[in-house]
Amino acid sequence: QVQLVESGGGSVQAGGSLRLSCKTSGHTFNKNCMEWFRQAPGKEREGVAAIYPATTSTFYAEFVKGRFTISYDNAGNTLYLQMNGLEVEDTGVYYCAADLSRRLGPTACGGGYSEVADFGYWGQGTQVTVSS
(Lines give C-alpha, C1' and ligand atoms only; values in the text may rest on other atoms or scores of the structure.)
Protein backbone atom coordinates (compact mmCIF):
# COMPACT_ATOMS: atom_id res chain seq x y z
CA GLN A 1 0.00 0.00 0.00
CA VAL A 2 1.02 3.60 -0.53
CA GLN A 3 2.56 5.09 2.59
CA LEU A 4 3.90 8.52 3.51
CA VAL A 5 5.91 8.90 6.70
CA GLU A 6 7.07 12.29 7.99
CA SER A 7 10.05 12.91 10.24
CA GLY A 8 12.41 15.71 11.21
CA GLY A 9 10.17 17.84 13.37
CA GLY A 10 11.25 19.16 16.72
CA SER A 11 11.63 22.22 18.93
CA VAL A 12 13.83 25.13 17.88
CA GLN A 13 14.29 28.77 18.74
CA ALA A 14 13.22 31.52 16.37
CA GLY A 15 15.75 31.92 13.58
CA GLY A 16 16.69 28.25 13.64
CA SER A 17 16.33 25.59 10.96
CA LEU A 18 14.73 22.19 10.50
CA ARG A 19 14.65 19.74 7.62
CA LEU A 20 11.46 17.71 7.30
CA SER A 21 11.40 14.43 5.41
CA CYS A 22 8.50 12.49 3.93
CA LYS A 23 9.57 8.98 3.00
CA THR A 24 7.28 7.36 0.45
CA SER A 25 6.64 3.78 -0.57
CA GLY A 26 4.27 1.80 -2.76
CA HIS A 27 4.30 4.25 -5.67
CA THR A 28 6.53 6.34 -7.90
CA PHE A 29 5.55 9.98 -7.45
CA ASN A 30 7.39 11.50 -10.41
CA LYS A 31 4.13 12.56 -12.06
CA ASN A 32 2.09 13.36 -8.98
CA CYS A 33 1.55 16.63 -7.19
CA MET A 34 3.00 16.56 -3.70
CA GLU A 35 2.50 19.21 -1.05
CA TRP A 36 3.43 20.11 2.49
CA PHE A 37 0.61 21.38 4.69
CA ARG A 38 0.66 22.65 8.23
CA GLN A 39 -1.94 23.13 10.92
CA ALA A 40 -1.44 25.50 13.82
CA PRO A 41 -3.51 25.30 17.01
CA GLY A 42 -6.97 26.75 16.42
CA LYS A 43 -6.45 27.16 12.68
CA GLU A 44 -7.33 25.25 9.53
CA ARG A 45 -4.79 23.19 7.65
CA GLU A 46 -3.00 25.35 5.08
CA GLY A 47 -0.71 24.69 2.14
CA VAL A 48 2.95 25.56 2.63
CA ALA A 49 4.79 24.37 -0.48
CA ALA A 50 4.12 22.05 -3.40
CA ILE A 51 6.12 20.32 -6.11
CA TYR A 52 5.47 18.38 -9.30
CA PRO A 53 8.70 16.35 -9.62
CA ALA A 54 8.53 15.54 -13.35
CA THR A 55 8.66 19.22 -14.30
CA THR A 56 10.23 20.52 -11.08
CA SER A 57 7.36 23.00 -10.87
CA THR A 58 7.11 24.44 -7.37
CA PHE A 59 4.82 26.71 -5.41
CA TYR A 60 5.40 28.48 -2.11
CA ALA A 61 2.92 30.19 0.14
CA GLU A 62 3.76 33.86 0.51
CA PHE A 63 4.48 33.50 4.21
CA VAL A 64 7.37 31.07 3.59
CA LYS A 65 8.93 32.47 0.41
CA GLY A 66 12.65 32.95 0.80
CA ARG A 67 12.77 30.80 3.92
CA PHE A 68 11.54 27.34 2.93
CA THR A 69 12.61 25.07 0.07
CA ILE A 70 10.73 22.03 -1.18
CA SER A 71 12.48 19.24 -3.08
CA TYR A 72 12.03 15.62 -4.06
CA ASP A 73 14.73 12.97 -4.22
CA ASN A 74 13.73 10.42 -6.86
CA ALA A 75 16.42 7.96 -5.87
CA GLY A 76 15.37 7.95 -2.24
CA ASN A 77 11.65 8.46 -2.88
CA THR A 78 11.65 11.23 -0.31
CA LEU A 79 9.99 14.63 -0.19
CA TYR A 80 11.86 17.29 1.77
CA LEU A 81 11.07 20.67 3.26
CA GLN A 82 14.10 22.69 4.30
CA MET A 83 12.95 25.37 6.73
CA ASN A 84 15.28 28.26 7.55
CA GLY A 85 14.69 31.40 9.54
CA LEU A 86 11.86 29.77 11.47
CA GLU A 87 9.38 32.04 13.20
CA VAL A 88 7.04 31.44 16.11
CA GLU A 89 4.15 31.59 13.64
CA ASP A 90 5.55 28.51 11.88
CA THR A 91 4.60 26.35 14.85
CA GLY A 92 2.22 23.54 14.00
CA VAL A 93 1.89 19.99 12.77
CA TYR A 94 3.34 19.52 9.30
CA TYR A 95 1.89 16.95 6.92
CA CYS A 96 2.97 15.71 3.52
CA ALA A 97 0.32 14.75 0.98
CA ALA A 98 0.19 13.25 -2.50
CA ASP A 99 -2.39 13.29 -5.28
CA LEU A 100 -2.34 9.84 -6.84
CA SER A 101 -5.47 10.53 -8.89
CA ARG A 102 -3.41 12.93 -11.05
CA ARG A 103 -6.17 15.53 -10.98
CA LEU A 104 -3.53 18.13 -10.16
CA GLY A 105 -1.12 18.78 -12.99
CA PRO A 106 2.03 20.94 -12.89
CA THR A 107 0.14 24.23 -13.15
CA ALA A 108 -2.47 23.27 -10.56
CA CYS A 109 -0.08 21.95 -7.95
CA GLY A 110 -0.09 24.24 -4.95
CA GLY A 111 -1.61 27.56 -4.02
CA GLY A 112 -5.32 28.07 -4.50
CA TYR A 113 -5.46 25.29 -7.07
CA SER A 114 -4.84 22.43 -4.68
CA GLU A 115 -6.62 22.10 -1.36
CA VAL A 116 -6.75 19.54 1.42
CA ALA A 117 -9.65 17.71 -0.22
CA ASP A 118 -7.64 17.19 -3.43
CA PHE A 119 -5.12 14.90 -1.76
CA GLY A 120 -6.00 11.30 -1.07
CA TYR A 121 -2.82 10.20 0.68
CA TRP A 122 -1.38 11.75 3.82
CA GLY A 123 1.36 11.15 6.32
CA GLN A 124 0.75 11.13 10.06
CA GLY A 125 2.35 14.52 10.60
CA THR A 126 5.37 15.80 12.48
CA GLN A 127 5.31 18.51 15.15
CA VAL A 128 7.30 21.70 14.69
CA THR A 129 7.56 24.04 17.66
CA VAL A 130 9.32 27.39 17.41
CA SER A 131 9.96 29.42 20.54
CA SER A 132 11.05 33.03 20.94
Side-chain angles (χ1 to χ4, degrees):
Q1 295 291 332
V2 173
Q3 292 186 356
L4 306 175
V5 182
E6 300 99 333
S7 63
S11 298
V12 298
Q13 292 187 330
S17 299
L18 285 173
R19 184 176 178 83
L20 305 184
S21 298
C22 175
K23 296 182 179 180
T24 71
S25 61
H27 186 75
T28 300
F29 293 90
N30 186 52
K31 295 184 177 180
N32 299 98
C33 177
M34 304 186 73
E35 184 165 356
W36 284 98
F37 289 83
R38 72 184 186 188
Q39 188 165 21
K43 295 186 177 181
E44 296 183 351
R45 195 168 298 184
E46 61 183 356
V48 175
I51 188 170
Y52 196 88
T55 61
T56 66
S57 298
T58 60
F59 171 84
Y60 294 95
E62 185 175 356
F63 51 82
V64 302
K65 285 184 177 179
R67 299 189 297 122
F68 293 6
T69 302
I70 187 171
S71 62
Y72 186 77
D73 175 23
N74 293 98
N77 299 308
T78 303
L79 179 72
Y80 295 100
L81 184 67
Q82 177 65 47
M83 306 186 295
N84 298 325
L86 284 164
E87 303 170 354
V88 173
E89 293 76 16
D90 294 318
T91 294
V93 178
Y94 284 69
Y95 302 87
C96 62
D99 167 40
L100 269 67
S101 73
R102 298 187 181 182
R103 290 182 61 252
L104 305 173
T107 61
C109 184
Y113 301 100
S114 56
E115 304 295 335
V116 170
D118 294 315
F119 295 87
Y121 292 87
W122 294 80
Q124 294 298 310
T126 184
Q127 177 71 44
V128 171
T129 302
V130 184
S131 61
S132 62

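Positions are given from 1 along the sequence. Treat the numbers as computed from the prediction; the structure is a model and nothing was measured.
- Thr78 places no side-chain N or O within 3.5 Å of a backbone atom of Asp73 that could act as its donor or acceptor partner.
- Sorted by first and then second residue, the ring-ring contact (aromatic ring centres under 6.0 Å, His included) pairs involving residues 5-24 (not counting sequence neighbours) form an empty list.
- Taking each heavy atom of Leu86 and Met83 in turn, the nearest pair found is CD2-CB, 3.8 Å.
- Val2 and Tyr72 fall within a single hydrophobic cluster, where Ile, Leu, Val, Met, Phe, Trp and Tyr side chains are chained together by heavy-atom contacts under 4.5 Å.
- Taking CG of Asn30 as the start and CG of Asn77 as the end, the distance is 10.0 Å to the nearest 0.5 Å.
- The side-chain contact (heavy atoms from CB on, under 4.5 Å) search around Glu46 returns Arg38, Phe63, not counting sequence neighbours.
- The two residues Thr91 and Gln127 come nearest to each other via the heavy atoms CG2-NE2, 4.2 Å.
- At least one donor-acceptor pair under 3.5 Å links the side chain of Glu6 to the backbone N or O of Cys96.
- Rounded to the nearest 0.5 angstrom, Thr58 OG1 and Phe68 CZ are separated by 14.5 Å.
- Here the closest heavy-atom approach between residue Arg67 and residue Gly85 is recorded as NH1-O, 3.0 Å.
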Under 3.5 Å donor-acceptor pairs involving side-chain atoms of residues 115-125, not counting sequence neighbours:
unit_1, atom_1, unit_2, atom_2, d
Asp118, OD1, Arg103, NH1, 2.9
Asp118, OD2, Glu115, N, 2.7
Trp122, NE1, Phe119, O, 3.0

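- The backbone N or O of Asn32 sits nowhere less than 3.5 Å from a side-chain atom of Asp99 that would complete a donor-acceptor pair.
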Can you give me every donor-acceptor pair (side chain of residues 9-19, partner residue at least two apart or in another chain, under 3.5 Å) with its distance?
unit_1, atom_1, unit_2, atom_2, d
Ser17, OG, Asn84, OD1, 2.9
Arg19, NH1, Gln82, OE1, 3.3

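- In terms of the ring-ring contact (aromatic ring centres under 6.0 Å, His included) criterion, Tyr52 has no residue partners (sequence neighbours excluded).
- Here the side chains of Ile51 and Phe59 are not in contact, with every heavy-atom distance at 4.5 Å or above.
- Two residues are said to be in side-chain contact when any heavy atoms from C-beta on lie closer than 4.5 Å; Leu100 and Phe29 meet this criterion.
- Cluster annotation: Leu4 is connected to Trp36 through the hydrophobic network of ILVMFWY side chains, with a link wherever side-chain heavy atoms come within less than 4.5 Å.
- Residues Val64 and Leu79 share a single hydrophobic cluster, defined by chaining ILVMFWY side chains whose heavy atoms lie under 4.5 Å apart.
- Among residue pairs with one or both ends in residues 100-132, those qualifying as disulfide (SG to SG under 2.5 Å) are Cys33-Cys109; sequence neighbours excluded.
- By the rule that hydrophobic residues join a cluster once side-chain heavy atoms approach within less than 4.5 Å of another member, Phe37 and Val128 end up as members of separate clusters.
- Hydrophobic clustering, with ILVMFWY side chains joined whenever heavy atoms are under 4.5 angstrom apart, groups Tyr94 together with Val130.
- Contact check for Thr24 versus Met34: side-chain heavy atoms found under the 4.5 Å cut-off.
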